[in-house]
Asks: 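Can you read through this structure? Questions will come right after.
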Amino acid sequence: MTGTMTDVPEAQLVEDLATDLAQGKSDTAGKLFAAHDAPAPLIVWRPTLADAQHPILRSFLRGCGEGGGPLPVSWLDSEAFGALGDWAMVVAPGNEPGDYVYRHYGSKIAEVYQTDMTGRSVFDIGGHVAVFFSALYHAVERRREQVMSVHEPPRQVFVRAWRRIIQPLLHESGELACFAAVNMPDNDLRAGLEVLPEAAMVVSMDGNVCYANRPACLLFGQPRSPLAGMSVQAFTGLDIELPKSPEKLILEGGPRHLRRVMARGSLLVPVNMTIGATYYRDMPLYVISVRSSGT
C-alpha cells in the first residue's frame, strides 16, 4: 500500500486488509491501529484451547469441536451455543459489500460496550475498528476457518482489550450463512470493582457513567444494561458535584467525601460518598463509592 492509512478509501482499505488477514499477514492491520495510537491486534487462525486463555472462549471452542473449519448453520440451535448466549454474537452479511449485521448481540457484551448492536451494522461502530471488523469477517468468509482476534478498543470504551473467536456457519448448499462468535472483555479495574460489597461507579471526565458494579445498580434501582451517555446525576438521582478534573484530584493526593440523602420508597436514607480518581489506559477517570450511613 502507498501513502498513509487515511489516504486509502475505506472500501479499498477493507479489501486490502481482508486480503492480508486471509493470507495470515498482519502488517496492514498493525499500520491501521498504529495510525490511531493503538497496538497491533493479535490474529490467530484455528485457535487452540491454549490460545483462548478464558473459560468462556474455551467452552466455545469445545462446543465447535476440533478442526477449526466451518459448521452447519443449525449449530446455532445447539446447547453449546445457547449456553453462551449472553457473551455470544450472530453476525450475518449485510446488503452492501463488506457490511455485516449483528443478528444477535449478547446482553453481557451490550452491558460492557454500553450499546446494544442488535440489528445494526459493524459500520455503525465507526472508525478504524469498524474497518478492522469488516475486513476480519470478510477474511473468515474467504478462508472459512475459525479465527481468534484480540484488539484494543478506542479509549472511550471501558475495556482494555476485546478477545473474540469467530466461527463460520454454512447453509446446506455450502454457502456462507453467518458467523457465530463469542466476545470477552479484558478489564482488570472492572473485575476488581465487581467483587466489592459496596456500590462503586467509574465516571468519565464529562460526568457520564462508564461502569457501575452490581451493588451500585441495586442501590440506585438501575438495570444491568447499557448506560451510554447517562450522567452520574441521572444514574444516582443525587446532586453530585464532581471535582474540576480527575487529574486535579490525583494531584491533591486525597479523595473527596460527600454526604447525601436518597429516597428509598417512602424513606429518606443518608449515604456517604467517596470520590477518588485514577488513570486507566492513560485516561483520567473518577471512581465513586457509595454506602448507606451506618453500614
Side-chain angles (χ1 to χ4, degrees), residues 1-45 89-106 109-110 112-169 175-185 226 228-229 281-283:
M1 293 180 65
T2 59
T4 65
M5 301 302 294
T6 53
D7 292 332
V8 183
E10 187 171 278
Q12 187 61 51
L13 178 55
V14 168
E15 182 65 28
D16 292 346
L17 181 53
T19 298
D20 280 5
L21 292 174
Q23 293 174 356
K25 301 176 183 177
S26 58
D27 289 354
T28 307
K31 291 176 182 177
L32 174 65
F33 277 74
H36 296 271
D37 298 320
L42 172 68
I43 308 294
V44 180
W45 291 99
M89 304 182 297
V90 177
V91 185
N95 295 325
E96 301 295 329
D99 187 22
Y100 298 90
V101 177
Y102 296 98
R103 300 303 183 195
H104 168 77
Y105 199 77
I109 306 172
V112 173
Y113 185 51
Q114 297 188 294
T115 302
D116 185 352
M117 294 295 292
T118 302
R120 299 178 66 180
S121 163
V122 295
F123 288 136
D124 289 334
I125 294 171
H128 68 288
V129 173
V131 171
F132 172 64
F133 287 166
S134 176
L136 184 59
Y137 286 117
H138 192 20
V140 176
E141 190 171 354
R142 290 183 181 182
R143 286 184 59 139
R144 299 194 172 195
E145 294 180 0
Q146 266 177 17
V147 71
M148 183 183 80
S149 70
V150 182
H151 81 279
E152 181 180 284
R155 283 185 172 84
Q156 65 268 24
V157 180
F158 188 52
V159 172
R160 183 176 294 280
W162 287 101
R163 297 177 178 271
R164 79 189 59 213
I165 295 175
I166 301 170
Q167 170 68 50
L169 303 176
E175 295 180 357
L176 180 85
C178 59
F179 309 93
V182 286
N183 194 19
M184 296 302 303
R281 293 179 60 198
D282 300 323
M283 183 170 60

Asks: Kindly indicate, with the supporting measurements, whether the criterion side-chain hydrogen bond (donor to acceptor under 3.5 Å, both in side chains) is fulfilled by Arg142 and Thr19.
Replies: CA-CA 9 Å; Arg142 290 183 181 182; Thr19 298; 3.0 Å; yes
Asks: If you round to the nearest 0.5 Å, how far is OH of Tyr113 from CH2 of Trp162?
Replies: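 Those atoms lie 9.0 Å apart.
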Asks: Can you list the residues that meet the salt bridge (charged side-chain N to carboxylate O under 4.0 Å, His left out) rule with Arg164, with sequence neighbours excluded?
Replies: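 Salt bridge (charged side-chain N to carboxylate O under 4.0 Å, His left out) list for Arg164, sorted by chain: empty.
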Asks: Could you check whether the rings of Phe33 and His128 sit parallel, tilted or perpendicular, using 30° and 60° as the cut-offs?
Replies: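 Rings of Phe33 and His128: perpendicular, over 60°.
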Asks: Could you tell me the separation between the OG atom of Ser149 and the CG atom of Leu21, rounded to the nearest 0.5 Å?
Replies: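 Atom-to-atom, Ser149:OG and Leu21:CG are 9.5 Å apart.
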Asks: Provide the closest heavy-atom pair for Ala161 versus Pro153 in the form atom of the first, atom of the second, distance.
Replies: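 Taking every non-hydrogen atom into account, CA-CD, 4.0 Å.
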Asks: Parallel, tilted or perpendicular, judged at 30° and 60°: which one describes the rings of Phe132 and His151?
Replies: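 The rings of Phe132 and His151 sit tilted, inter-plane angle from 30° to 60°.
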Asks: Can you tell which of Glu145, Gln146, Glu141 makes a side chain to side chain contact (heavy atoms under 4.5 Å, CB included) with Arg143?
Replies: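 Answer after filtering Glu145, Gln146, Glu141: Glu145.
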Asks: For Met89 versus Ile109, what's the shortest heavy-atom pair and its separation?
Replies: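 Where Met89 meets Ile109 most closely, the heavy atoms are CG-CD1, 3.6 Å.
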Asks: Evaluate the criterion side-chain contact (heavy atoms from CB on, under 4.5 Å) for residue pair Val101 and Val91; output intermediate values, then yes/no.
Replies: CA-CA 5 Å; Val101 177; Val91 185; over 6 Å; no
Asks: Quick one: pull up SG in Cys178 and CD in Gln167 and give me the separation to the nearest 0.5 Å.
Replies: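 Interatomic distance, Cys178 SG to Gln167 CD, rounded to 0.5 Å: 10.0 Å.
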Asks: If you compare all heavy atoms of Ala40 against all heavy atoms of Gly30, which two are closest, and at what distance to 0.1 Å?
Replies: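 Smallest interatomic distance, heavy atoms only, reads CB-CA, 3.7 Å.
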Asks: Could you check Tyr102 against Ile125 for side-chain contact (heavy atoms from CB on, under 4.5 Å), going step by step and ending with a plain yes or no?
Replies: CA-CA 11 Å; Tyr102 296 98; Ile125 294 171; 3.4 Å; yes
Asks: For salt bridge (Lys or Arg N to Asp or Glu O under 4.0 Å), just list the numbers for Arg163 and Glu152, CA-CA rounded to whole Å, side-chain angles, deciding distance to a tenth of an Å, and then say yes or no.
Replies: CA-CA 9 Å; Arg163 297 177 178 271; Glu152 181 180 284; over 6 Å; no
Asks: Roughly how far, to the nearest 0.5 Å, is the CG atom of Asp27 from the CG atom of Leu17?
Replies: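 If I round to the nearest 0.5 Å, the distance is 11.0 Å.
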Asks: Measure centre to centre between the rings of Phe123 and Tyr100, then say whether the value is under 6.0 Å.
Replies: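 No: the rings miss the under 6.0 Å criterion.
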Asks: If only atom types and distance count, is the side chain of Ser134 paired as donor or acceptor with the main-chain N or O of Val14 below 3.5 Å?
Replies: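 Checking the backbone N and O of Val14 against the side chain of Ser134, no donor-acceptor pair under 3.5 Å is found.
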